[in-house]
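These values consider heavy atoms only, across backbone and side chains, with no hydrogens, waters or symmetry-generated copies.
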Amino acid sequence: MGTRLDSITTDNGANFKAAVQQLLDEDVVEENPACACHTFNLIIKQAIDPSKTQVPNHQTRDFIQLFRDMTNSIRNSAQRLEHLKQLQRMRIKADKDLLDLLTDDERDGVDIFPHSVALTVIKDVTTRWNSTYYMLERCLGLKPFIMEVCREFNISPTLSERQWTSAQQLVRNNIYCVCL
């Protein structure tokens, strides 16, 4: 008597479906439910990328594409990426120097960068869950530095305040972060 599985949960990839179908045919496994988180993630991706749907929502797609383009423009240049990091290091040093001027009572509740490591922008990768969310979240956290890099290196098109606000609303409302 062989081993029998009750179920195998997989993503919606054709390779997994084919492999599990073979196990189903051989009566090794009883059922194959799709992963709910993976399915939900695909639904959200499709909702914000209307090129894959019948629903026209070009503004969402366009502003996310602008973030992708900007992020790629910064990440694909060692000079731009280093400048982004340098701007953060200068800010961290300025915040620490300012903090040294404060009395102990004044320091309470003062929030400076909690890290001394400069951050980079995160690329949106279609095969990585939540990468659009993480890209937007990081861009929002680095907004003043990103805007300075874009200005100094003439990266265009620049994002409008409305587009930054839209990204902030997506991140704040966790519209995209469905699977951790």
Side-chain angles (χ1 to χ4, degrees), residues 11-13 35-99 109-180:
D11 65 14
N12 298 322
C35 173
C37 286
H38 184 260
T39 302
F40 195 53
N41 189 63
L42 292 174
I43 291 167
I44 296 294
K45 274 189 175 225
Q46 189 169 340
I48 67 169
D49 187 357
S51 66
K52 298 177 181 172
T53 68
Q54 302 297 324
V55 179
N57 189 0
H58 302 294
Q59 288 178 333
T60 303
R61 182 186 65 220
D62 291 346
F63 100 83
I64 289 175
Q65 188 59 50
L66 287 174
F67 274 94
R68 286 182 186 126
D69 293 345
M70 177 188 63
T71 299
N72 289 337
S73 180
I74 293 170
R75 283 194 63 102
N76 293 339
S77 165
Q79 186 180 13
R80 291 172 182 172
L81 197 54
E82 182 53 37
H83 190 63
L84 177 71
K85 292 177 183 181
Q86 187 60 34
L87 289 169
Q88 293 173 70
R89 287 187 202 108
M90 289 172 15
R91 169 72 183 271
I92 291 167
K93 182 179 178 351
D95 285 347
K96 286 181 180 176
D97 289 346
L98 177 63
L99 194 61
V110 173
D111 185 25
I112 65 166
F113 280 85
H115 47 75
S116 59
V117 177
L119 300 173
T120 64
V121 290
I122 297 174
K123 287 182 88 166
D124 181 21
V125 181
T126 57
T127 56
R128 188 164 182 211
W129 285 16
N130 295 330
S131 63
T132 303
Y133 175 85
Y134 294 131
M135 174 192 67
L136 294 174
E137 181 182 51
R138 178 64 58 85
C139 284
L140 289 165
L142 297 176
K143 179 182 175 184
F145 309 112
I146 289 172
M147 291 174 68
E148 181 66 19
V149 169
C150 289
R151 188 186 62 73
E152 289 187 26
F153 289 92
N154 294 319
I155 297 172
S156 63
T158 55
L159 293 159
S160 69
E161 196 55 42
R162 185 175 178 182
Q163 290 162 328
W164 282 102
T165 301
S166 295
Q168 189 174 26
Q169 289 171 343
L170 282 173
V171 169
R172 183 181 56 231
N173 295 324
N174 292 323
I175 296 298
Y176 198 77
C177 188
V178 293
C179 300
L180 301 176

Exercise. Quick one: do the Ser166 and Gln169 side chains pair a donor with an acceptor below 3.5 Å?
Worked result: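 No, no side-chain donor-acceptor pair sits under 3.5 Å.
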For this session: Verify, without hydrogens or angle tests, whether Ser73 (side chain) and Asp69 (backbone) share a donor-acceptor contact under 3.5 angstrom.
Result: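 Answer holds: no.
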Look up atom [atom1] in [X] and atom [atom2] in [Y], then write down how far apart they are to the nearest 0.5 Å.
{"X": "Leu66", "Y": "Cys139", "atom1": "CG", "atom2": "SG", "answer": "11.5 Å"}
{"X": "Leu136", "Y": "Phe67", "atom1": "CG", "atom2": "CZ", "answer": "6.0 Å"}
{"X": "Gln163", "Y": "Ile64", "atom1": "CD", "atom2": "CD1", "answer": "11.0 Å"}
{"X": "Met147", "Y": "Leu87", "atom1": "CE", "atom2": "CG", "answer": "12.5 Å"}
{"X": "Phe153", "Y": "Leu84", "atom1": "CZ", "atom2": "CG", "answer": "10.0 Å"}

Problem set entry | Residue pairs passing the salt bridge (Lys or Arg N to Asp or Glu O under 4.0 Å) test where at least one lies in residues 130-148, sequence neighbours excluded |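 Non-adjacent pairs meeting salt bridge (Lys or Arg N to Asp or Glu O under 4.0 Å): Lys143-Glu161, Glu148-Arg151.
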Problem set entry | Summary of salt bridge (Lys or Arg N to Asp or Glu O under 4.0 Å) pairs that have at least one residue in residues 72-88, sequence neighbours excluded |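 Passing the test, one end in residues 72-88: Glu82-Arg89.
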Exercise. Quick one: does Thr132's side chain get under 4.5 Å of Arg68's, heavy atoms only?
Worked result: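 Yes - at least one pair of side-chain heavy atoms lies under 4.5 Å apart.
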Exercise. Would you say the side chain of Thr71 lies within less than 4.5 Å of the side chain of Asp124, judging by non-hydrogen atoms?
Worked result: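 No, side chains not in contact.
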Exercise. If every non-hydrogen atom of Gln88 is compared with every non-hydrogen atom of Leu142, which pair is closest and at what distance?
Worked result: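 Distance-wise, the nearest heavy atoms are OE1-CD2, 3.4 Å.
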